[in-house]
Structure formats: structure tokens, C-alpha cells
Amino acid sequence: MTTLTAARTLPRAGAYWTAAAVAAVALWTSAAPSTAYPLYGAAWHLTPAVTTAIFAVYPAALVVVLLVFGDLADHLGRRTTILLGVGAMLAGTLLFAVAPSVAWVFAGRVLMGVGVGLALSPASAAVAELSRPGRERAAGSVVTASTALGLALATLVGGALIQYAAFPLHLDFWVLAVVLVGVGVSAWFLPRHTRAEDVARWRPRAIHIAPGLGGVYVVSALAVSTAYMFGAVFLSLGADVAEELIHTRNVLVVGAVLALMSVLIGVTAVATRGVAPRRTVAAGSVTVLVAFALLLASASEQSLPLFLVTTVVAGSAYALLFSGGLGLVSRHAPAHHRAGTISAVYLVAYVLQGATAIALGLVATSDGLSRALLVGAVGAGVVAIATFAASVRDHRNAPALATE
């Protein structure tokens, strides 16, 4: 892609880290309302069905955006699409910051889904494209670490402000809004793309995978989906397990325990950035099964030390799957289809994550936490086994890429 040399743009390193910051703030935006949901329920006397619906509209909006606008960044450019996404995230966050009723929260959550759907894929693609020559393999690890940082900030900043600061329903979102403005200003100076012919050719269309990329796409989509499904199980039910084991309702304490997983995601992603993506996918598929076994055991035995070990293993498993899957598709997708292909990977992952979260909520309500954990472990475990099998099969069918 050509860039305007006359326009003011960030140097390569600055643009690289700005793209990574967009990925981080996208996940911060995604997770920011999670710590506030109980407060909304208490303040506005919401039923569980309403609070579940607030959660559900986010992935619904995001999936629609990925379906319709998944390849928009391949036509309008990374910068323009990222700015549109950051703008939508900011609008949604501001609605949360001033929300006088649940209707504003619903609207804000939809805008957040639109914003993350628009910004995350081009940011992921830009990290790969702005990497130094020979370091493209590390792009998946950098995006993984960035998103882990965003999740950690959501739980820690949100937990601290809700537990100890004034205006618990609003202040957290004002802080996030300031961060979004800062990232948006930096994104304004990303390289500008001038392919007018691509803009003219864009139109809403079905997800398209470049010829010859089917095997890579399947492995990548399964790997990221397994990570997201595990995240749905751990984050939706892990807080309840943590509260039972720590015997506290302190939002910051519970958030800090869950943030340990995000820390391990970042550490593992950085530590394995030089490992071939297919190897990290295979290792992650096995590790996530161990994490599920530990999670079930910690809940059954009511063991806090075992739960902390679970959190460490869970972070490592998530990082291996997500960074491996994203690194694989970022490395092999052609540049002019990269953002669209990454969007297609995220699309499958978010659909399965949303379905997992809804199913867990229904099972937990009807049959209890233990049964929900078991159902989640079995469902995501099956996908993890399929991921391992697909990675091995694709490795054998693509010997030329074995040393990637």
C-alpha cells in the first residue's frame, strides 16, 4: 500500500505501537462494563434476563460489523477504519459515562461492539505490516500481549474505581474515554492510504478467504475460538469461583485475581514470540485441556491455591492459542486480504464465545455453577481437540510452511 509522504505521519516504530495500543484499548472497552453489571442491576432493579441481554448485544453488534465490514480496512486503509472504530468506541463509552437509564447502556454497548469490530482487525493487521523485516512472526504475540494489557486494565482500573472512588457507575468510563481520545489522536497520524480504486471497489459482501489459505484459516479460526471460548468460561464463571474461594465481594480483589490471567497471557506471548505459530497452537491446545481440568478441580475441592495455579496455566494456554492463531493468519494472508481474513477469524471466535457465554448462563441458572463449569469444559475441550488435530493435519499437508 502506498502512503502519503507529504502528510505528517508517525515513524514506523510509533505507528507500530499505536496499532498495538488500539488493540489494547479495544479489549479494555470490551471488558470495561463487566465490573459494573451488578451495580446496574441493583440501581435499576434489573432482572437477570435484562443484564444478560446487555452482555449479548455487544457480540451481536460486533458479529454484524465483521460480517458486513470485515474487509473494509483492505479498501479504506488501516488508519481510516481504525479511526472509525475508535470513534464508535468513544461514543459508546460516553453513553455509559452519562447513562441515566438502562436504554443508554444498551445503546452504548452496541456502539462498543461496532467500534471493536471496526478497529481490532485493522489494528492486528497493521501490527504485522509495521513490524521490522524478519519480525513479522512476533506480530501475533504483540497483539496478544496488548489485548491482555487491555483486559488487565479493565479489571484493575474498573475494580479500583468502582470499589473505592466516587460515582462508581460513571467514573470508570470517563477514564476510559480520556484514554480513547489519546489513542485516537495518535491514530490520526498513522500512515494514510491512497488507493482510491480500492475504495471504489468496496461493497458489503460475504466473508472471503484467499485461495490456498483454507487450511491456515481453519487452524487459525479454531485456535482463536478455543481461546475465546475458554475466556468465556473462565471470565464468566471464574469470578463466582474466586468470590467463593476468597470469601469477599470486594470488586478490586476479585478483579486482581482475574487480572493474574491477563498478566500471564502477556508474559507468555512475549516469551514465545519467536516460536513458530503452529507449534504454539498445538501446545496451547494441550495446555487448555490441563487448565480446564485444574479449573474443575479447584472449584470441586474449594482450593484457592489450586485456583491460582489454574489462573497461571489458563493465561499461558490462552496466549499460546491466540498468538499462534493470529500469528499464523497474519503471516500467510496476502496483504490486500489480510484485514478481511483476520476479521473472518474473529467472526468465528466471537460467535462461539457468545454462544458459550449464553449457554453457561442458562446452565448456571438452572443447574448451578458446577454443572456450568463442566458443560463449558466439555464444549471448549472438544474444540481444543479439533484445533490440535487440524494443526497437525495442516502441518503435514503444508511441508513448505513447516519451518515458518
Exercise. Going from CG on D71 to CD1 on I342, what distance comes out if it is rounded to the nearest 0.5 angstrom?
Worked result: 12.5 Å

Exercise. If you look at every heavy atom in T341 and Y217, which pair is closest and at what distance?
Worked result: O-CE1, 4.3 Å

Problem set entry | Partners meeting ring pair (Phe, Tyr, Trp, His ring centres under 6.0 Å) with W174 (sequence neighbours left out) | none

Problem set entry | S220 side chain vs V216 backbone, donor-acceptor pair below 3.5 Å | yes

Problem set entry | Qualifying side chain to side chain donor-acceptor pair (under 3.5 Å) pairs, either residue in residues 280-294, two or more places apart | none

Give the table of side-chain donor-acceptor pairs shorter than 3.5 Å for residues 101-127, with sequence neighbours excluded, one pair per line with atom names and distance.
unit_1, atom_1, unit_2, atom_2, d
R109, NE, Y37, OH, 3.2
R109, NH1, S30, O, 3.2
R109, NH2, S30, O, 2.7
S121, OG, S343, OG, 2.8
S124, OG, L120, O, 2.8
S124, OG, Y346, OH, 3.0

For this session: Using the side-chain contact (heavy atoms from CB on, under 4.5 Å) rule, take V345 and L326 through it: C-alpha gap first, then chi angles, then the decisive distance, then the call.
Result: CA-CA 8 Å; V345 169; L326 195 60; 5.5 Å; no

Problem set entry | CG on L151 to CG on L27, rounded to 0.5 Å | 4.5 Å

Exercise. Yes or no on side-chain contact (heavy atoms from CB on, under 4.5 Å) for F69 and L84, after CA distance, side-chain angles and deciding distance?
Worked result: CA-CA 12 Å; F69 301 103; L84 291 172; over 6 Å; no

For this session: Please list, chain by chain and in numerical order, all residues satisfying side chain to side chain contact (heavy atoms under 4.5 Å, CB included) with V185, sequence neighbours excluded.
Result: V181, F189

Exercise. Which pairs, with at least one residue in residues 269-302 and sequence neighbours excluded, count as a ring-ring contact (aromatic ring centres under 6.0 Å, His included)?
Worked result: F230-F292

Exercise. Any ring-ring contact (aromatic ring centres under 6.0 Å, His included) pairs touching residues 148-169, not counting sequence neighbours?
Worked result: none

Exercise. Taking all atoms of both residues into account, what is the closest heavy-atom pair of L171 and A165, and its distance?
Worked result: CD2-CB, 3.6 Å

Exercise. Considering residues at least two apart in sequence or located in another chain, which fulfil the side chain to side chain contact (heavy atoms under 4.5 Å, CB included) criterion with A60?
Worked result: none

Exercise. Okay, side chain of T81, backbone of R78: is any donor-acceptor separation there less than 3.5 Å?
Worked result: no

Exercise. In Å and rounded to the nearest 0.5 Å, what is the CE to CG distance from M229 to L352?
Worked result: 5.5 Å

For this session: Using modelled atom types only, decide if a donor and an acceptor are shared between the side chain of S146 and the backbone of A24 within a distance under 3.5 Å.
Result: no

Problem set entry | Heavy-atom side-chain contact between W28 and V157 under 4.5 Å | yes

Exercise. Which class fits the ring pair Y228 and Y318: parallel under 30°, tilted 30 to 60°, perpendicular over 60°?
Worked result: parallel

Problem set entry | Shortest non-hydrogen contact between V142 and W17, atoms and distance | CG1-CZ3, 4.3 Å

Exercise. So do V25 and V179 actually touch side chain to side chain, heavy atoms under 4.5 Å?
Worked result: yes

For this session: Taking side chain to side chain donor-acceptor pair (under 3.5 Å) as the test, write out the residues that go with S316, two or more places apart.
Result: T268

Exercise. Heavy atoms, side chains only, cut-off 4.5 Å: are F96 and H170 in contact?
Worked result: no

Problem set entry | Contacts of type side chain to side chain contact (heavy atoms under 4.5 Å, CB included), residue V351, not counting sequence neighbours | V63, L347

Problem set entry | Shortest non-hydrogen contact between A349 and V224, atoms and distance | CB-CG1, 3.7 Å

For this session: Report yes if some heavy atom in the side chain of Y16 is under 4.5 Å from a heavy atom in the side chain of L10; otherwise report no.
Result: no

For this session: Write out all pairs satisfying side chain to side chain donor-acceptor pair (under 3.5 Å) with one or both partners inside residues 85-96, taking only residues at least two apart or from two chains.
Result: none

Hey, can you pull the donor-acceptor pairs under 3.5 Å for the side chains in residues 372-389, sequence neighbours left out?
unit_1, atom_1, unit_2, atom_2, d
T387, OG1, L222, O, 3.3
T387, OG1, T226, OG1, 2.9
T387, OG1, V383, O, 2.8

Exercise. With no hydrogens and no angle check, is any side-chain donor or acceptor of R12 less than 3.5 Å from a backbone partner on S131?
Worked result: yes

Exercise. Rounded to the nearest 0.5 Å, how far does CG of L296 lie from CG of L306?
Worked result: 10.5 Å

Problem set entry | Where P277 and G324 come nearest, the two heavy atoms and their spacing | CB-O, 3.3 Å

For this session: Please name all residues satisfying side chain to side chain contact (heavy atoms under 4.5 Å, CB included) with A187, sequence neighbours left out, ordered by chain then number.
Result: T18, I82, L83, L190

For this session: Specify the closest pair of heavy atoms between I265 and G315, including all atoms of both residues, with the distance to one decimal.
Result: CG1-O, 3.4 Å

For this session: Spell out, as yes or no, whether a donor-acceptor pair under 3.5 Å connects the side chain of R331 to the backbone of L328.
Result: no

For this session: Answer whether the closest heavy-atom distance between the side chains of L264 and M261 falls below 4.5 Å.
Result: no

Exercise. Has the side chain of S186 got a donor or acceptor atom that lies under 3.5 Å from a matching backbone atom of G182?
Worked result: no

Exercise. Are any non-hydrogen side-chain atoms of L153 and L149 less than 4.5 angstrom apart?
Worked result: yes

